[in-house]
Amino acid sequence: QVQLVESGGGLVQAGGSLRLSCAASGRTFGRHMGWFRQAPGKEREFVAAISWSGDITDYADSVKGRFTISRDNAKNAVYLQMNSLKPEDTAVYYCAADPNPMGWGKRRDLREYDYWGQGTQVTVSS
């Protein structure tokens with residue numbers, strides 16, 4: 001069993017920055033982790049993923065160069081540093097854990113993930 005709790009969301013002006021955190025408890029060993037987001041009226045979409053070792057990352061084109069995913073396995077935490085925020089980044093952001101150590105190939109598919117946090121709201125004003 002894995003529990004995920006996101007924090008760090010809030011209201012920020014366009015061009016600003018936020019750092020989201022995801023605190024994990026339970027068995028996270030070997031899991032790669034992902035961040036997804038869901039805007040009102042839209043489907044949940046992939047944002048970023050990081051391998052268990054932290055040496056491999058992947059980003060959606062819409063956030064590449066602006067967002068950075070990282071993890072600290074000693075603290076059982078995953079982070080999403082978001083810079084140069086845009087109004088279109090407004091969404092609820094979710095942290096997720098993939099149970100399959102061999103699942104990196106499906107890292108962008110939300111169906112691959114079995115544990116999800118409750119989400120944290122990010123609002124970017126223009």
Side-chain angles (χ1 to χ4, degrees):
Q1 194 79 359
V2 175
Q3 293 80 40
L4 304 172
V5 179
E6 302 96 335
S7 62
L11 174 64
V12 64
Q13 288 188 332
S17 298
L18 283 174
R19 188 191 193 211
L20 304 184
S21 298
C22 173
S25 60
R27 186 172 176 80
T28 59
F29 181 85
R31 294 175 176 263
H32 66 266
M33 303 290 290
W35 283 97
F36 290 76
R37 66 186 182 186
Q38 187 165 17
K42 295 187 176 182
E43 294 185 349
R44 193 169 299 189
E45 64 175 6
F46 170 79
V47 175
I50 187 166
S51 64
W52 160 249
S53 61
D55 60 350
I56 305 174
T57 57
D58 184 35
Y59 298 92
D61 288 345
S62 59
V63 307
K64 197 172 295 183
R66 300 188 297 122
F67 290 12
T68 302
I69 188 172
S70 62
R71 69 189 298 166
D72 185 337
N73 288 337
K75 295 182 178 180
N76 245 3
V78 180
Y79 308 99
L80 186 68
Q81 177 67 43
M82 305 186 297
N83 299 328
S84 302
L85 283 162
K86 305 175 181 180
E88 50 264 43
D89 294 319
T90 295
V92 177
Y93 283 71
Y94 297 91
C95 174
D98 186 341
N100 182 5
M102 305 301 291
W104 182 253
K106 298 181 180 179
R107 60 195 177 275
R108 295 190 174 206
D109 187 347
L110 58 86
R111 296 170 297 179
E112 179 70 9
Y113 296 81
D114 62 345
Y115 291 108
W116 294 82
Q118 83 290 346
T120 185
Q121 176 71 47
V122 171
T123 303
V124 184
S125 63
S126 57

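Position 1 is the first residue of the sequence, and the numbers go up from there. This structure is a prediction, so every number in the text was calculated from the model and none was measured.
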Q: Which heavy atom of W116 sits nearest a heavy atom of R44, and at what distance?
A: CE3-NH1, 3.3 Å
Q: To the nearest 0.5 Å, tell me how far Y79 OH sits from T68 OG1.
A: 14.5 Å
Q: Which pairs with one or both residues in residues 108-126 pass salt bridge (Lys or Arg N to Asp or Glu O under 4.0 Å), sequence neighbours excluded?
A: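 Applying salt bridge (Lys or Arg N to Asp or Glu O under 4.0 Å) to every pair that reaches into residues 108-126, excluding sequence neighbours, yields R31-D114, D58-R108, D109-R111.
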Q: Hydrophobic clusters join Ile, Leu, Val, Met, Phe, Trp and Tyr when side-chain heavy atoms are under 4.5 Å apart, directly or via other members; which others share one with L11?
A: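 Once heavy-atom contacts under 4.5 Å are chained together, L11 still belongs with nothing else.
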Q: Treating R71 as the side-chain partner and G54 as the backbone partner, does any N or O pair qualify as donor plus acceptor under 3.5 Å?
A: no
Q: Share the residues that join V124 in a hydrophobic cluster, the rule being Ile, Leu, Val, Met, Phe, Trp or Tyr side chains under 4.5 Å apart at the heavy-atom level.
A: V2, L4, V12, L18, L20, M33, W35, V47, I50, Y59, V63, F67, I69, V78, L80, M82, L85, Y93, Y115, V122
Q: Taking all non-hydrogen atoms of both residues, which atom of Y94 and which atom of Q118 are closest, and how far apart?
A: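 Closest heavy-atom pair between Y94 and Q118: CE2-O, 3.5 Å.
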Q: Can you sort out the partners of S126 under side chain to side chain contact (heavy atoms under 4.5 Å, CB included), two or more places apart, ordered by chain and number?
A: P87
Q: Identify, with sequence neighbours excluded, every residue that meets side chain to side chain donor-acceptor pair (under 3.5 Å) alongside D72.
A: none
Q: With no hydrogens and no angle check, is any side-chain donor or acceptor of E6 less than 3.5 Å from a backbone partner on G119?
A: yes
Q: The criterion is side chain to side chain contact (heavy atoms under 4.5 Å, CB included); which residues satisfy it with D55, sequence neighbours excluded?
A: S51, S53
Q: On a heavy-atom basis, which atom in G34 and which in Y113 lie closest, and how many Å separate them?
A: N-CE2, 3.7 Å
Q: Between D89 and R37, is there a salt bridge with N-O shorter than 4.0 Å?
A: yes
